[in-house]
Every structure is written in structure tokens, then in C-alpha cells.
Number of protein chains: 2
Amino acid sequence: MNLRHLTFRLLEVYVTVVRTGSVTAAAQQLHLTQPTVSQQLKRLAEAVAEPLFVSRGGRLELTDSGRELYRTALDVTGRFEDFQDYLAELKGGQKGRFSIALVNTAQYVLPKLLGPYSQAFPEVEMTVEIGNRQQLLERFERQLDDIYVFSHPPSLEQAHVARFLRNPLVVIAPEQHPLAHKQEVELDDILQERLLLREPGSATRMLFESWLQGQGAQWFNGMQMASNGAIRVGVAAGMGLAVVSRHVLPEVHPGIVILPVKGFPIESHWHFIVRRDRRLPYAARSFLEYAAGELDQCLPAEYLCNEVSTLLNQTTEAMA
Amino acid sequence: MNLRHLTFRLLEVYVTVVRTGSVTAAAQQLHLTQPTVSQQLKRLAEAVAEPLFVSRGGRLELTDSGRELYRTALDVTGRFEDFQDYLAELKGGQKGRFSIALVNTAQYVLPKLLGPYSQAFPEVEMTVEIGNRQQLLERFERQLDDIYVFSHPPSLEQAHVARFLRNPLVVIAPEQHPLAHKQEVELDDILQERLLLREPGSATRMLFESWLQGQGAQWFNGMQMASNGAIRVGVAAGMGLAVVSRHVLPEVHPGIVILPVKGFPIESHWHFIVRRDRRLPYAARSFLEYAAGELDQCLPAEYLCNEVSTLLNQTTEAMA
DNA sequence: CTCAAACATAGATAATTATCTATACGCAAG
DNA sequence: CTTGCGTATAGATAATTATCTATGTTTGAG
């Protein structure tokens, strides 16, 4: 036999024999028969091309080579155990990394979940990507990330999806606006106003447009702005009205009011999305598990819609 | 596949793949086909139950687990190479230990060989045992030593033997002795004198007695002394004559003369003897090799009788 | 001198490994 | 959109391993 074919198992057997000082005892400990162990030792000695023991007055006594092999075996198996520990941590989701891609709007909410998670698992490195719907679709297509957050999921063929948070779209107006304090506002009223809107391709805008289309309506006076933050400031400054995710507004939002427009809020949801064809890193899985369990501790109850555990079940099946 | 069955070979393959960054290149380096290497990698990944690579734009790129495995593999194979180096040294006789057992008489000569040898191989530990013939025979029986030096070898059935040095027995007398300056001395003359003799069981005495018997003679006045050194001093002090190995006397030996007795010196030889049934340690072998080559540098030419290389040949056969 | 315990050897077998050839797949570059 | 190059898969096979049961051998202890 050649040294190349040495297995860790064989070293393990050897170490046990040396420890116990007896072939028979080692065999018992390892749940093997005595001849098996004898033969393993023989193979090992052949591989090393050196006697490992001399039987000296009934005792097995190590030769110099045997002693050195013992040291080597301890070092080697020890080092390998370290590696296995590493793997265990990784698989337990204690360690590792994953990336999550968010649509713009979600960036106001997800930190409330990501923050506590990374406190709880400081060894997990995560990358957060942010973009508009279009950009995220591309990333999804190119399989760049482990988890995606969309309000309107892409083709379900290739993905597992779970809602986790309500995402109501509301109409906001400056406090001084004439409509600001009415009990109820007609849709037509706001369509006459100037509307600050995100670029086409953004989820909020797509959602709003398709909803409008369903109502057989359309707006007249729009103004495009690149970010939700800019829109918020714009509205406060009296530049016009806007349709935004409720989450874009802080809890208290001085200078801005939510108009009670008929048909609003437009209901939608954010979803966690993972590709079916991409292995979910253990760390990413651990994040979803965390989300499934801790979501209600991190986010206001009124928006909760926690279906994450069904996603976990689906991905478990996929992995088995 | 289980981690237990991991071989060093497999790690070697893995390391090569990581180093070259390519399955195909690694295969060439290892003189394997590409599919073989691919399959090895697959087995390895199965054993670890973790993907080791992701193919990223045509390149193989390590995962975290892969990187950690690579580190582990380097450590482990490195450690094992150390062990192999150790073995190589051991087998080259650069390192190790052996024991050699000498009959009393030989202790005056062998240091001339042992000294230079242990200078040349300082890493070799040797144990030198000294005793009379009887004691050595016991040690031989109990297989306690690696090499024995006898003048009259024990049963050749179980041993390889090689002469290496003439061992002439001479008769010595004090300088003042009446016989000291004669041109020739009769055997009978000395048998009348008092003879200082080693104990029965010593090789010198046995040899002398059996030679005497061959001559049909015997002595009358003997005195037993425990060591060759004591005999030498005793002779110098005028206590009597003695029959000793020529090697017991220093080059110059004031106060003592060698008598030119008829029939003397009695010729005999010292032999290196190794048991057939006992593995010769590499270090012991290296000593014999040294002896075969360097004997004539260490000992006076007049006594040389170097047959050690034939012994080496015999033991080589035995080992093959 | 015999006995039992510990070790070694033999013979058998199912599983696994190491390795090949031939072929299919995937993707970057022309 | 084909063509190569690098990988992966399939199928085959000889060698090796891991393991057993049954049977010798050695050896210290009584």
C-alpha cells in the first residue's frame, strides 16, 4: 500500500490503538473486530514501510517511527477537526456571508430587520444591494444575489417567494395643501394636481400606473424625481402631491399629511425571493430563519404579513 | 462519501487544482485525465457536503469552504511531508539508534571504530553493552541487541556473521622475567609458570584451553582475574604470565613483553554478528556500512580482515 | 507445563476507489 | 451562430478497502 491511500480513518484507528495500548481494546472502542484492527495496522505499517510496534513482553511498544507517526496523526487529525468545526459553524449559519438586493423603497424598512440580525450573528458578512426594480431584475437574471426583495415578484417559475410585509401606497400632500384636511378625497381631485413620481421602471410607479389603468384613469401633470427621499422633501416643500410607499415616511412626518383618497391605500406586499436554481448559502438561510421568527419584534405589527416559514419549507425540499 | 475515507492523494489533487486554477492543468501536472480530476473534486465536495468552487465567468473560484479546505489541505500535507522526511532520514541511517554488544576483550578496540562513526552520524544514538562471552550469549538468546561482537560466533543457524579483525592471542610476561629476552620459548616453559587467567566462560580462556587441549597439554598453576586490565597490571607487577588478546596491550607497553612462544600467536578473529530473525535497524546497518568502508582508516593495517560487506549482502537479501 | 488472553493470519465479500474512454454541456470569442 | 476550450457526466473496470468469521500462534501467569 502507498502512503497516498492513507485515510483519516486509518489514522484514527492508529491513534486509538496507541492510546489504549491494545489492539483488542481499540477494536472495542471503535466497534470493530480485533482482526480488522490488526489488519489496518498491518496496512499502515506497510504504507510507512516501517514497523510501528514491537511486542515487548506482552505489551505493544512503539518504535521510533511509530511514535513519530503518532505525533503526526494527532496533528493531522486535529487540524482536520478544526476544519470540521469550521464547516459546522458555516452550516449552522453562524458564520459565512450572503447578499441581499432591495428595491429602493424597501431600504427604509429592511434595516430594522438587518440591524438586529447582524447584531445576533456578528460573524455573518452581508452585502446589501439597492436599486430600482429594473436594476434588481437584471441582478436577479444574472444571479448576483442570494435574496431579493421585490414588491412584485418576477416570474415564479424560477423562484421561491414569500410575502413578509404589507406595503401600502398612500397619497401624500403638504400640510398647507387645500386637500390636506378633508375627510375624504376623490381620485379625480388628485389627478388634477401635479404628481411627483419616480422614474418608469420603479415598482411604486408601475404599481400605481397599473392600478390607475384598472380605474380607467390617468394623470396629467407629472414630474419625475430620482429618489423617494427627494419626493418626500419635494412634497413637504409644496412642489406637488405624490404616491409613495407608506414606509417611505417616518413615524412622525411633520409638514406632510396622508390624504384619505378613495381606493387608497393601494395594497401590495414586499416579498423575499430566492432563485430555485441557486444554492442558498447557510448564512442566507439563517437570515430567513431569523426573519421568520423575529419579524414581529422588529417591525410594526400593523404591517406584518409573515409568510417566510413557507419559503423555508420550500427551499428545504429543494435541498433534500 | 465520508470524510473518513479522505486520502492524502485526494488532498494533493485538490491542492493542485487550486494552485493551477484549472482542472485540466491540474490533470496534466498529475498525469491524470481531466475527467478523473473532475470526479475526484466531486467526491471531495460530497465528502465535505459543501460546494468548493463556483464557476464564475469561466474561472473556477473558491467558495469560503473551499478556501478553508485549501488551507487545511496545505497544513495537513505539509505535516505529513515532515513525517516522510523523518522516515527518509531514518531509513538513510542518518538518525535512529541501535545497540551493539561487545565481548570484554573487544572493548579495547571497538571504540576506534565507534568513535569516528558517531562523529560522522551524531544523530544516531548507540548503546554499547559489554560482557563476557557467557553474558553475551544470553543477550543474544534474548535478542536484546542489534549487533554482537564475538570471537567465536554462536550457532550459525540463526545468525549472519562476518569477520572484521584479527585477534591474535599472545603470551605476555613482565620485562624482568627470565623468559623475557629469549629468542624462542617452549610451550612447556610457560605452563610451569603461574598463569593469570580470565574466568571460565570468557572467550579468551575458552580459546586458549581448547587450543591447549589440541596440543595435549595443560597448565598447573592458574590464577583467576576478573578483567583484562587487571591481568595486564598483574603481569607488569610480576604476578605471573598471561595469555591475552594482542589488543589488550597498548601500542607501547612498558614493563611487559610478548614472549615468542612456539605456536603463538593463536589466531582468532572478531566477528560482527546479527540475528537472522531480527530486523536490523537502519542505523545499525549504516554502522556496518561505515565499518565496511572505513575500517582500514580506523584500525592498524596488520589486524585487518574486513569481510563486513559480505554480511551486508546477506542481510540485504534477507530484507528483500 | 498448560491455559487463556491477546495478537496474527487466512479466506471471503460487498463497497468503494481510481482510473480510463467517450460524450455531452456551457460559455466566451470570433 | 458556430467553434473551441474547459468542465461535467456516463459507463466500464481493475484494484483496493473495510470488514467479517474462523482459525492459528505467542506468551505470560498460574
Side-chain angles (χ1 to χ4, degrees), chain A residues 1-49 51-63 66 141-144 277-279, chain B residues 1-49 51-63 66 141-144 277-279:
Chain A
M1 178 165 118
N2 191 312
L3 271 183
R4 296 180 158 182
H5 300 314
L6 269 196
T7 61
F8 286 83
R9 169 61 160 175
L10 202 44
L11 292 183
E12 203 181 318
V13 169
Y14 180 66
V15 166
T16 310
V17 171
V18 175
R19 287 229 166 97
T20 61
S22 142
V23 173
T24 305
Q28 280 167 353
Q29 240 182 69
L30 296 163
H31 304 292
L32 293 173
T33 61
Q34 170 266 314
T36 300
V37 175
S38 272
Q39 203 227 33
Q40 304 278 55
L41 284 185
K42 196 177 166 192
R43 283 202 314 121
L44 190 55
E46 268 168 31
V48 172
L52 302 172
F53 297 101
V54 280
S55 61
R56 198 121 185 107
R59 286 256 142 263
L60 289 184
E61 205 166 281
L62 286 177
T63 63
E141 211 47 54
R142 295 170 54 201
Q143 312 192 20
L144 296 184
D277 54 0
R278 189 159 198 268
R279 205 194 117 71
Chain B
M1 178 167 120
N2 191 313
L3 272 183
R4 295 180 159 182
H5 300 314
L6 268 196
T7 61
F8 286 83
R9 169 61 159 175
L10 202 43
L11 292 184
E12 203 181 318
V13 169
Y14 180 66
V15 166
T16 310
V17 171
V18 175
R19 286 226 167 99
T20 61
S22 142
V23 173
T24 305
Q28 281 166 353
Q29 242 182 67
L30 297 163
H31 305 293
L32 293 172
T33 61
Q34 169 266 314
T36 300
V37 175
S38 273
Q39 202 227 32
Q40 304 279 55
L41 285 185
K42 195 177 165 192
R43 282 201 316 121
L44 189 55
E46 268 167 30
V48 173
L52 302 171
F53 297 101
V54 280
S55 61
R56 198 121 185 105
R59 286 253 144 266
L60 289 184
E61 206 165 281
L62 286 176
T63 62
E141 212 46 58
R142 296 170 55 202
Q143 311 191 20
L144 296 183
D277 54 0
R278 188 159 199 269
R279 204 194 117 71

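In this text the structure is predicted, and so the values were computed from the model without any measurement. Below, chain A is the first sequence line, B the second, and so on; all start at residue 1.
- Here the C1' atom of nucleotide C:dA6 and the CD atom of A:Glu61 are 16 Å apart, to the nearest Å.
- Within the 4.5 Å cutoff, no side-chain heavy atoms of B:Arg4 are placed close to those of A:Thr7.
- Rounded to an integer number of Å, the gap from A:Gln28 CD to D:dC20 C1' is 16 Å.
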Checklist entry - Could you walk me through whether A:Gln34 and A:Ser38 pass the side chain to side chain donor-acceptor pair (under 3.5 Å) check? => result CA-CA 6 Å; A:Gln34 170 266 314; A:Ser38 272; 3.1 Å; yes
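- Distances shorter than 4.0 Å separate some side-chain N or O of A:Thr7 from OP1 or OP2 on D:dA18.
- Side-chain contact check for A:Phe53 versus A:Leu62: some heavy-atom pair is nearer than 4.5 Å.
- Nucleotide C:dC7 holds its C1' atom 16 Å from the CG atom of A:Leu32, rounded to whole Å.
- Considering only residues two or more places apart in sequence or on other chains, A:Ala49 meets the side-chain contact (heavy atoms from CB on, under 4.5 Å) condition with B:Lys91.
- Between A:Tyr14 and A:Phe8, the ring center distance fails the sub-6.0 Å criterion.
- For DNA chain C, the residues of residues 15-24 of chain A within the heavy-atom distance limit of 4.0 Å (strictly under) are A:Ser22, A:Val23, A:Thr24, sorted by number.
- Among the nucleotides D:dT19, C:dC20, C:dA18, the one closest to any side-chain atom of B:Arg43 is C:dA18.
- Taking every heavy atom of both residues into account, A:Ala47 and A:Leu3 meet most closely at O-CG, 3.8 Å.
- Taking B:Thr16 as the reference, nothing meets the side-chain hydrogen bond (donor to acceptor under 3.5 Å, both in side chains) condition, with sequence neighbours excluded.
- One can place CG of A:Leu6 at 20 Å from P of C:dT16, the figure rounded to the nearest angstrom.
- Looking at residues 33-41 of chain B, you'll see B:Gln34, B:Pro35, B:Ser38 sit with a heavy atom under 4.0 Å from some atom of DNA chain D.
- Here the P atom of nucleotide C:dA18 and the NZ atom of B:Lys42 are 15 Å apart, to the nearest Å.
- Terminal axes of the helix from C:dC1-D:dG30 to C:dG30-D:dC1 (five pairs each, C1' rotation axis) are separated by 30°, to the nearest 10°.
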Next on the checklist: Apply side-chain contact (heavy atoms from CB on, under 4.5 Å) to residues B:Leu6 and B:Leu44 and explain how you reach the verdict.
Outcome noted: CA-CA 8 Å; B:Leu6 268 196; B:Leu44 189 55; 3.5 Å; yes
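- To the nearest angstrom, P of C:dT16 lies 13 Å from CZ of B:Arg4.
- One distance of note links CD of A:Gln40 with CG of A:Leu11; it measures 11.0 Å at 0.5 Å rounding.
- Nucleotide C:dT16 holds its C1' atom 17 Å from the CZ atom of A:Phe8, rounded to whole Å.
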Under 3.5 Å, which donor-acceptor pairs do the side chains of residues 22-29 of chain B form with other protein atoms, sequence neighbours left out?
| residue | atom | partner | partner atom | Å |
| --- | --- | --- | --- | --- |
| B:Ser22 | OG | B:Thr24 | N | 3.2 |
| B:Ser22 | OG | B:Ala25 | N | 2.9 |

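- Taking atom NE2 on A:His5 and atom C1' on D:dT17, their separation rounds to 10 Å, with Å as the unit.
- Here the side chains of A:Leu30 and A:Arg9 are in contact, with some heavy-atom distance below 4.5 Å.
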